[in-house]
Structures are given as C-alpha cells and as structure tokens.
Amino acid sequence: MFIATLLCNPATPCVDPALVDSLRNAWGGGEALWLCPDVAAEFPLEALPENQWQVWEDLQSLGVDLIVQPAATRRKKMLLADMDSTMIEQECIDELAEEAGVGPRVKEITARAMNGELDFDGALTERVGLLAGLPETVITQVLDNRITLMPGGRQLLATMKANGAYAALVSGGFTAFTARIAATLGFDENRANTLLVQDGKLTGKPSLPILGREAKVEALEQITARLGISEADVIAVGDGANDLGMLLRAGSGVALHAKPSVAAQCEIRINHGDLTALLYLQGYAQDAFQHTLKG
C-alpha cells in the first residue's frame, strides 16, 4: 500500500479539493484525508502510478508538491537534518563573507559546491581562507542579525520530539552556528566543522578532518546504531550535493528546495512546502502539530 500526498506552501494555500479528487479518481485511490485545508491532503493507493513523475511535473507549475511513498514505514523515529538553506534560510559562510567583504566570491563557490560541481572539502577550505582575520565577534553579529529560521522548523522539531523521535543536526557549516540553531529548535545533538580562532580572529583554516558528505553518512550510521533503530526509521532533509549520501541512505530522504542535480536523485522532493511538509509526509495532521518543545 502507498500513500500519495499533495501539499503546498502554507503561506499561499493552493491545494484545490477538485484537484485532489481528480487525481484520486485517475489513480484509483482511496478516500482522501485532509491534513490541513487547502494545504495538504493524502489518499491511499494500491500500486505506484506509472505516470507519477509526469503528474509531479504538471503539479509543480501549480505550486503543488506530490509525494508517493510506502504507507507502512513513513512515520519515523529520527530526524537527521542539514542546517544551511534547510533549517535556516541562509548559508552561514556566505553571511560571514559579506561581513568580510568577499561575499560575491564566496557565494559563487558555495553555489557550485552545493550543486556538486566542486569538491566539498576543497571548496570549504578555500572559502574559510577568505575569512582570515575576521574578528570572532562577527559570528555572533551574523547569528543575531542575518540568520533566520526556515518556516516550519519549530513545529517539525516539537512534533517529532513529542512523539518520541530523536533529532540530530549535521552540517558542513560550523559549530558556532549549529550550537545556537540546535539549542533554539531543540535538536538532541549537532555536528559541524570548527572555525579556528587565534587572538580573537579567524585564522582562515577549518579544523580537520572536514565534516562533509561522508561524515553525514557516518552520523546516520553511528546515531542509529546507538539508538538501536534502523536507517529506515530516519527521515533526512537537505538541499546540497554533500547531503546526498544521507538522503539516499535514510528511510525517507527529503530534498528540500534543493539544487536541481540533488533533487533529481531523490524520490521525495519538496519545492513549494516548508518544513511542516516533513510532518505531513509522516501522516501528521495540522491539529496534531506541536509548536513549542515540551519540558
């Protein structure tokens, strides 16, 4: 048995009941269940539709995401999340680069690295090198003034944790940022690279070894083993090429507003919805969402 989910950006509701009924009838699906009026609906299917991706493409032009997945295993016990452009709306290193006056150069490297055009370790080393001499205090300034949370993140964390899930933030960015974001949203642990500091200024070098694509896969392996759960119990979310390893290994790998080369390799692609999409995918209705972490 499979579940087809249609969802959109909650800020601009556009999932039409007539659209849901039309698709359900065309695919011979069961009764539709509305998880949130005009935002998310689902219905069961006996088999995977042959024209799934053609319909997906048609719906993209309407601002609607379509996901078809096995029904039995969609409620997960662990969230494994990327940070930059996933749990937050920015790339931290790009924001630091703006403060250092090298924004355009660093943004270009970041974009190419996230699209898989550059080696991640080399790209990170080059970008960090351009930050040499920047006062350490700039990190706090960037966190306070330039970083914003991706919509839906608080509900995602609070709801999954209220239902017993574990949450890990694993980033190719920096611990100075993941520590704050993890604490703010309620992640159980965070892993990232460390920006080396000497005499109150960035040295222009990251600590070694660099946490990149393989380190995210290692986090998936290590944490699931420690918790005694399987990789199938994990929902992972990310947007860049360095996330692909964990996205393809996790039970549900969600490409969220991802680079085209990344999304093309993932079965679950969210281009319009926000982070609450990860709750709808697991069958949580809006009235089951938690908005704050329980003590």
Looking at every non-hydrogen atom in both residues, tell me the closest pair between [X] and [Y] and how far apart they are.
X: A241; Y: N115; result: CB-C, 4.1 Å
X: G172; Y: L124; result: O-CD1, 3.9 Å
X: V20; Y: A41; result: CG2-CB, 4.1 Å
X: C92; Y: M83; result: SG-CE, 3.9 Å
X: G29; Y: L45; result: CA-CD2, 3.8 Å
X: L131; Y: I93; result: CD1-CG1, 4.1 Å

Decide whether [X] and [Y] are clustered together by the hydrophobic rule: side chain heavy atoms of Ile, Leu, Val, Met, Phe, Trp, Tyr closer than 4.5 Å, transitively.
X: M87; Y: F289; answer: yes
X: L143; Y: V197; answer: yes
X: L48; Y: F43; answer: yes
X: L281; Y: L35; answer: yes
X: L156; Y: M78; answer: no

For the pair [X] and [Y], find out whether any cationic side-chain nitrogen is under 4.0 Å from an anionic carboxylate oxygen.
X: E117; Y: K259; value: no
X: E218; Y: K216; value: no
X: E98; Y: K107; value: yes
X: D243; Y: R213; value: no

Would you say [X]'s side chain and [Y]'s backbone share a donor-acceptor pair under 3.5 angstrom?
X: T159; Y: Q290; answer: yes
X: H257; Y: G273; answer: yes
X: R269; Y: A255; answer: no
X: D233; Y: I229; answer: no
X: K76; Y: A232; answer: yes
X: D188; Y: A167; answer: yes
X: H272; Y: Q60; answer: yes

First locate atom [atom1] of [X], then atom [atom2] of [Y], and finally report the distance between them rounded to the nearest 0.5 Å.
X: T175; Y: N193; atom1: OG1; atom2: CG; result: 8.0 Å
X: L7; Y: D274; atom1: CG; atom2: CG; result: 9.0 Å
X: L211; Y: S171; atom1: CG; atom2: OG; result: 7.5 Å
X: I67; Y: L6; atom1: CD1; atom2: CG; result: 7.5 Å
X: E108; Y: D94; atom1: CD; atom2: CG; result: 11.0 Å
X: R191; Y: L80; atom1: CZ; atom2: CG; result: 9.0 Å

Check the angle between the aromatic planes of F177 and F174 and answer parallel, tilted or perpendicular using the 30° and 60° thresholds.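 F177 and F174: tilted rings.
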
Distance-only polar pair, side chains of [X] and [Y], donor-acceptor under 3.5 Å:
X: D58; Y: Q54; value: yes
X: D65; Y: W56; value: no
X: T224; Y: E231; value: no
X: E91; Y: S85; value: yes

Passes side-chain contact (heavy atoms from CB on, under 4.5 Å), L275 versus I270? Steps please. CA-CA 9 Å; L275 284 167; I270 303 298; over 6 Å; no

Test item: [X] and [Y] side chains (from C-beta on) under 4.5 Å apart, heavy atoms:
X: Q69; Y: E267; result: no
X: R105; Y: L130; result: yes
X: L96; Y: L195; result: yes
X: D121; Y: P209; result: no
X: V15; Y: D38; result: no
X: Q286; Y: Q155; result: no
X: L79; Y: I235; result: yes
X: C266; Y: L244; result: yes

side-chain contact (heavy atoms from CB on, under 4.5 Å) between V142 and E99: does it pass, once the steps are laid out? CA-CA 8 Å; V142 168; E99 295 287 345; 3.8 Å; yes

List the steps, then state whether side-chain contact (heavy atoms from CB on, under 4.5 Å) holds for L256 with D82. CA-CA 10 Å; L256 182 79; D82 172 44; over 6 Å; no

Taking I147 as the fixed residue, which of T184, D84, I88 is the one that meets the side-chain contact (heavy atoms from CB on, under 4.5 Å) rule?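 Only one of T184, D84, I88 forms a side-chain contact (heavy atoms from CB on, under 4.5 Å) with I147, namely I88.
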
Compute the ring centroids of F187 and Y166, then answer whether they are less than 6.0 Å apart.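 No, the ring centres sit 6.0 Å or more apart.
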
Are R249 and E221 close enough, and set up right, to give a salt bridge (charged side-chain N to carboxylate O under 4.0 Å, His left out), and what steps lead you there? CA-CA 9 Å; R249 284 276 293 271; E221 296 171 344; 2.8 Å; yes

Where do Y284 and L278 land on the side-chain contact (heavy atoms from CB on, under 4.5 Å) test, with the steps shown first? CA-CA 9 Å; Y284 290 103; L278 276 68; over 6 Å; no

Stepwise side-chain hydrogen bond (donor to acceptor under 3.5 Å, both in side chains) check, T110 with R127: CA-CA 8 Å; T110 298; R127 287 176 291 166; 2.8 Å; yes

With R74 as the cation and F2 as the aromatic partner, state whether NZ or CZ is under 6.0 Å from the six-membered ring centre and within 45° of the axis.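 No; the conditions do not both hold, so R74 does not lie above the ring face of F2.
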
